[in-house]
Amino acid sequence: MKKNFKLYALIWAILLVAFNAVVFLVRPVIPGFVVQYDARFWVAWAFIFAAFIGNLVCAYFAFQAQNLTKLFYNLPLITVSRSALICMLIAGAGLLLIPNCPAWIAAVVCILILAFNAIAVVKAAWASDTVEKIDQKVKTQTFFIRSLTADAESLISRAANEEVKTACKKVYEAVRYSDPMSSDALAAIESQITLKFAALSEAASAGDAEKTKVLADEMIILVGDRNNKCKLLK
């Protein structure tokens, strides 16, 4: 992600240099018009520069993501800060070109725009953090069934004979289509399922078809009971 930030920072630097080159080196081609470097000019320029810095800071924190999922959640932070920069550029450019405009008017306009955009950035950061926490919570709550499904699928390939494999397939299908969400209220029955599956794995690996069938049926019943409790909790 650091490489991406370096590329972003390079583009940012080019745009900042281009902006300052236009402001200080290129005179507007307007007959009789002369750029006045008064207080109003410097106020507008300072706020535009602050918007540039704010955009780079937001990009820096966004690209601190350790994986693509986190970066995806942080993209609104970059988008909002970029929109804020564009708004400030438009408003600031207008103030830069308006001669004899009181400095306090330029300051008030820029402060209002900056405050509005700062609120938008904070909301984007809050939304990113909230979505990430929800995603982590969902991953935690679905881990039991996802893990059990993977183990049940693996057990099929380790079945010693066709009878055992058939019983394991029934368990796999029952687990595969179970409600993925877990909760503290399901801890007891999920613990029973874990113990039952461990016994099933031993029987299947040993090729004990009769015991495997019995344990598979008991496992399916426990999974069904868990799903019924899931419905009651919703």
Side-chain angles (χ1 to χ4, degrees), residues 1-5 58-59 61-80 122-234:
M1 300 303 171
K2 291 182 179 180
K3 182 179 179 181
N4 293 330
F5 174 71
C58 288
F61 282 109
F63 284 110
Q64 289 298 302
Q66 300 299 317
N67 52 64
L68 290 176
T69 301
K70 176 63 175 176
L71 178 60
F72 177 76
Y73 293 150
N74 287 343
L75 285 180
L77 192 60
I78 300 176
T79 303
V80 171
V122 171
K123 289 174 66 177
W126 172 81
S128 173
D129 185 61
T130 301
V131 171
E132 183 184 13
K133 288 180 179 178
I134 292 174
D135 184 56
Q136 290 298 326
K137 183 178 180 181
V138 169
K139 286 181 179 179
T140 301
Q141 291 180 328
T142 59
F143 177 78
F144 175 78
I145 288 298
R146 288 190 292 110
S147 177
L148 186 61
T149 301
D151 291 340
E153 186 176 16
S154 176
L155 186 59
I156 296 174
S157 63
R158 293 187 285 109
N161 54 61
E162 285 301 320
E163 288 183 294
V164 171
K165 182 174 289 189
T166 299
C168 291
K169 283 183 178 178
K170 291 180 180 180
V171 172
Y172 169 69
E173 292 299 324
V175 175
R176 180 185 179 189
Y177 295 106
S178 294
D179 192 316
M181 298 300 291
S182 295
S183 68
D184 293 339
L186 300 173
I189 193 169
E190 287 180 350
S191 178
Q192 294 179 46
I193 291 173
T194 300
L195 294 174
K196 188 68 65 177
F197 185 79
L200 175 65
S201 297
E202 290 182 7
S205 298
D208 190 338
E210 190 63 33
K211 187 175 181 180
T212 299
K213 289 179 182 179
V214 173
L215 290 172
D217 289 339
E218 293 176 355
M219 177 85 176
I220 292 171
I221 291 173
L222 284 174
V223 171
D225 291 342
R226 176 193 175 278
N227 291 335
N228 290 332
K229 288 186 177 181
C230 282
K231 292 179 183 179
L232 293 175
L233 293 172
K234 293 182 177 179

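Each residue takes its place number in the sequence, starting with 1.
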Where G207 and N161 come nearest, the two heavy atoms and their spacing: O-ND2, 3.4 Å

Using a 4.5 Å cut-off on heavy atoms from C-beta on, say whether the side chain of L155 contacts that of F197. yes

Sequence neighbours excluded, the answer for side chain to side chain contact (heavy atoms under 4.5 Å, CB included) partners of A185 is S183, L233

Say whether, by atom type as modelled, one donor and one acceptor occur between the side chain of S154 and the main chain of A150 under 3.5 angstrom. no

Any side-chain heavy-atom pair of L186 and R226 under 4.5 Å: yes

Can you tell me how far apart NZ (K196) and OG1 (T194) are? Round to the nearest 0.5 Å. 12.0 Å

Side-chain contact test, heavy atoms from C-beta onward, threshold under 4.5 Å: evaluate it for Y177 versus N227 and give yes or no. no

Of the non-hydrogen atoms in M181 and C230, which two are nearest, and what is the gap between them? O-SG, 3.7 Å

Nearest 0.5 Å, what's the CD-CD1 distance between E190 and I193? 6.5 Å

Which residues share a side chain to side chain contact (heavy atoms under 4.5 Å, CB included) with I220, sequence neighbours left out: K170, V171, A174

How far apart are the closest heavy atoms of F63 and I78, and which atoms are they? CE1-CD1, 3.8 Å

Nearest heavy-atom approach of A124 to V80 is CB-CG2, 4.0 Å

Heavy atoms from other residues, nucleotides or ligands near CD of E173 exceed 12 (cutoff 6.0 Å): yes

Evaluate the side-chain proximity of T166 to K213: yes if any heavy-atom separation is below 4.5 Å, no if none is. no

Over all heavy atoms of both residues, which pair between C168 and T212 is shortest? Give the atoms and the distance, please. SG-CG2, 4.5 Å

Got E218 and V214 here, is their nearest side-chain heavy-atom distance under 4.5 Å? yes

dist I145:CD1 -> R176:CZ (nearest 0.5 Å) comes out at 13.5 Å

